[in-house]
Amino acid sequence: MGRIEWAMWANEQALASGLILLAGGIVAVAGQFKKWEFAAYAVAAGVFICLLEYPRGRRKKGSTLERCGQRFMTPVVKLFGPLTRNYYVRAVLHAALAVPGGWLLSTVLGTVCLGIASLIYLVAAICGEEWQPIEAKPQEKPRIAETIKRPPENPPPRPPPEVRKKAADEGAVSGAYDNPFPVVE
């Protein structure tokens, strides 16, 4: 069996937990829950996590499907270098971001999911995985010689010139076409 790439699982888990944390924070802020300040933090943390986790990393083997609009976020994530590339850093960052969300009921689910994502990132880091951007391969321009089909090397088969001349003379006399079926008038 193949090796599990834990980072792909962690990325999906962290993105989902960021969205859940964001939704729970919005509900708590809009409802002016007690300790709604933690909810405001959850909104900011959810947005940050979603922006960080939106670009998928490249798989070691096989192809990776790029998310819609990911190419705009990838340079931003690449800009921070080892802080975003290293999965140990991501595991600690997600664990730290998850703690304040645990004080409010509407953000507890996002906190638990973020804690799970942190553990999966830790497993990915222990296995030696690292975030690599999905970069579009430059499309090779087809060379003109390869796009033009080769012309035939031999002419099409034809009867010898004497037979062609004889058939042309007979066709002028008897008609160009012999109908094998009798014509009833």
Side-chain angles (χ1 to χ4, degrees), residues 1-31 33-141:
M1 291 197 52
R3 233 184 71 154
I4 295 176
E5 291 190 34
W6 292 101
M8 297 297 285
W9 291 95
N11 178 261
E12 296 296 330
Q13 179 73 25
L15 183 61
S17 65
L19 292 171
I20 295 167
L21 196 62
L22 177 65
I26 290 172
V27 166
V29 169
F33 289 8
K34 290 181 184 177
K35 301 181 187 175
W36 67 270
E37 296 83 9
F38 288 112
Y41 164 79
V43 169
V47 168
F48 174 72
I49 291 166
C50 289
L51 291 176
L52 176 66
E53 294 297 332
Y54 191 72
R56 278 190 180 129
R58 186 179 65 215
R59 296 179 64 190
K60 288 187 180 185
K61 284 180 129 180
S63 63
T64 308
L65 184 64
E66 187 178 66
R67 287 190 174 112
C68 181
Q70 174 177 334
R71 66 180 171 270
F72 303 115
M73 287 300 302
T74 301
V76 176
V77 174
K78 276 174 50 174
L79 182 69
F80 291 103
L83 293 176
T84 54
R85 213 175 328 130
N86 190 335
Y87 287 143
Y88 283 113
V89 173
R90 283 197 187 193
V92 170
L93 177 68
H94 289 328
L97 288 173
V99 172
W103 299 105
L104 194 58
L105 185 60
S106 63
T107 58
V108 166
L109 181 60
T111 298
V112 171
C113 291
L114 196 56
I116 293 169
S118 175
L119 292 174
I120 298 171
Y121 267 130
L122 185 62
V123 171
I126 290 170
C127 290
E129 296 179 32
E130 186 177 66
W131 187 81
Q132 297 294 326
I134 301 172
E135 294 172 344
K137 297 176 185 174
Q139 293 182 353
E140 296 178 12
K141 293 181 181 176

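For the numbers below, each heavy atom of this structure counts, side chains included, while hydrogens, waters and symmetry mates do not. Note that this is a predicted model, so its numbers are computed, not measured.
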**Asked** Is there a side-chain contact (heavy atoms from CB on, under 4.5 Å) between Tyr41 and Val29 once you walk through the steps?
**Response** CA-CA 10 Å; Tyr41 164 79; Val29 169; over 6 Å; no

**Prompt:** Step by step, would you call Ile4 with Trp9 a side-chain contact (heavy atoms from CB on, under 4.5 Å)?
**Reply:** CA-CA 9 Å; Ile4 295 176; Trp9 291 95; 4.1 Å; yes

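- Side-chain contact check for Arg85 versus Arg90: every heavy-atom pair is 4.5 Å or farther apart.
- Of all heavy-atom pairs spanning Ala42 and Gly25, the tightest one is CB-CA, 4.1 Å.
- Contact record, Ala28 with Ser106: CB-OG, 3.2 Å, taken as the closest heavy-atom pair.
- Side-chain atoms of Arg67 come within 3.5 Å of backbone N or O of Tyr54 as a donor-acceptor pair.
- Shown here for Ala98 and Gly115, the closest heavy-atom pair between the two residues is CB-N, 4.4 Å.
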**Item:** Evaluation steps, side-chain contact (heavy atoms from CB on, under 4.5 Å), between Val89 and Tyr121
**Value:** CA-CA 9 Å; Val89 173; Tyr121 267 130; over 6 Å; no

**Request:** Apply side-chain contact (heavy atoms from CB on, under 4.5 Å) to Thr84 and Lys78, showing your working.
**Result:** CA-CA 7 Å; Thr84 54; Lys78 276 174 50 174; over 6 Å; no

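- Across all their heavy atoms, Tyr88 and Asn86 have their closest contact at N-OD1, 2.8 Å.
- Within 6.0 Å of CG in Leu105 there are 12 or fewer heavy atoms belonging to other residues, nucleotides or ligands.
- Panel note: side chain Glu129, backbone Ala7; a donor-acceptor pair is recorded below 3.5 Å.
- In this structure the side chain of Leu97 reaches within 4.5 angstrom of the side chain of Phe48, judged on heavy atoms.
- Considering every non-hydrogen atom in both Leu122 and Ala91, the closest pair reads N-CB, 3.8 Å.
- With values rounded to the nearest 0.5 angstrom, Ile49 atom CD1 is found 4.0 Å from Leu114 atom CG.
- Side-chain contact between Tyr87 and Val123 is absent, with no heavy-atom pair separated by less than 4.5 Å.
- The structure places SG of Cys113 at 11.5 Å from CG of Leu15, a figure rounded to the nearest 0.5 Å.
- Of the inter-residue distances, the one linking Leu21 atom CG with Leu109 atom CG reads 9.5 Å to the nearest 0.5 angstrom.
- No hydrogens or angles considered: nothing links the side chains of Gln13 and His94 as a donor-acceptor pair under 3.5 Å.
- For the pair Phe80 and Leu52, the minimum side-chain heavy-atom distance is 4.5 Å or more.
- The 12-atom threshold is not exceeded at CH2 of Trp6, counting heavy atoms of other residues, nucleotides or ligands nearer than 6.0 Å.
- Residues Ala39 and Leu104 come closest through the heavy atom pair CB-CD2, 3.5 Å.
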